[in-house]
Amino acid sequence: MKLRAIQYVVLIGVAAVFLGPLYWLLSTAFKQPSEIYQWPPAWWPHLTWENFSLAWKAAPFDRYFLNSTIITVVGTALKVINAVLTAYAFAYLRFPFKKVLFFLVLGAMMVPGHVTLLPNYLTVATLGWINTYAGLIIPGIGSAFATFLMRQHFLTLPTEVTDAAAVDGAGHLRTLWRVVLPMSQPMLVTVVVITAVEEWNNFVWPLIVTNTASMRTLPVGLLILKDEEGLAAWGTIMAGTLLVLAPMLLIFLIAQRYIVGGITQGALKG
């Protein structure tokens, strides 16, 4: 019993470390200015929606939200399609230098994303894609991590099923669509959620490749909101942060049962 009690204490402590900042953000977004700076802290604020109204008016959040939604939906779709097709090729097709190319994909996972910022920017500028959706989306449609996860999962599927599809005369695309993907739903949902969160939270690339308010995204909009409101308006800033956080948090809560199963299904296999 003592051991179990200690385990519960540790779990509660760990949960408090992760949930404490989230609760503080949520409560501050609904606090009145006088409650934000009072001591001892006001853990149960008198709820007000004024901070959300101020945040929405201080910066064009409607445009930022539209831009982030378009970039996330289109970027996630292109990135996942690219990863699925590439992973299927590495898992089921035979072609020269297959292992070498896969090791190059693994090597790409070890390269920091900031290394490619300058080459990508020069390419986008040359193509005239500054302040365009193409410039925001196209350079990021390749994902070594998503390709690795999908390839490893495909290798765990029974080969008898794909062999049977080949015997029935199904081509690779039909086998992928009708056989492989239906058996890969948990992993596919996991990859979609991870990719969507990455696209939604992307800050550095939209900041570099856009210079007009009409093409800014929500993470960049938060920086602009902070500059507009100053360091004192923490209620407004936290309200804006909650507006950015809420969509991805909702998607994660809906898809969490798939994510746990999807991650564990990617068991390493040669």
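As a basis for the values below, the full set of heavy atoms in this structure was taken, side chains included, without hydrogen atoms, waters or symmetry mates.
Annotation: Phe30 is in aromatic contact with Phe52 [ring centroid separation under 6.0 Å]. Taking the six-membered ring where the residue is Trp, the centroids of Tyr92 and His172 are separated by 6.0 Å or more.
Residues Thr132 and Val209 form no side-chain contact, since every pair of their non-hydrogen atoms from C-beta on lies 4.5 Å or further apart. At a threshold of 4.5 Å between non-hydrogen side-chain atoms, the residues Pro139 and Val124 count as touching. Between Ile138 and Tyr133 there is no side-chain heavy-atom pair separated by less than 4.5 Å. Looking at Phe203 and Leu207, their side chains come closer than 4.5 Å, going by heavy atoms from C-beta outward. Thr217 places none of its side-chain heavy atoms less than 4.5 Å from the side chain of Thr210.
Asn82 contributes no side-chain N or O that, together with a main-chain N or O of Ser143, makes up a donor-acceptor pair within less than 3.5 Å. Between the side chain of Lys98 and the backbone N or O of Leu93 there is at least one donor-acceptor pair closer than 3.5 Å. Of the possible donor and acceptor atoms, none in the side chain of Arg216 sits under 3.5 Å from a partner among the backbone N and O of Gly221. A distance-only check finds a donor-acceptor pair linking the side chain of Trp205 to the backbone of Gly135 [under 3.5 Å]. Side chain of Asn51 to main chain of Ala29: a donor-acceptor pair is present (N/O by atom type, distance under 3.5 Å, no hydrogens or angles).
Met238 and Thr28 make their closest contact through CG-CG2, 3.6 Å (heavy atoms, listed as atom of the first residue, atom of the second, distance). Nearest approach of Ser184 to Val180, heavy atoms of both residues: OG-O, 2.8 Å.
Using a 30° and 60° split on the angle between ring planes, Phe65 and Trp200 fall in the perpendicular class, above 60°.
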Exercise for the section: Go through the steps to decide whether Leu155 and Gln152 satisfy the test side-chain contact (heavy atoms from CB on, under 4.5 Å), and finish with yes or no. Expected result: CA-CA 5 Å; Leu155 291 177; Gln152 296 305 106; 4.1 Å; yes
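Checked against ring-ring contact (aromatic ring centres under 6.0 Å, His included), Tyr64 has the following partners two or more places apart in sequence or in another chain: Phe61.
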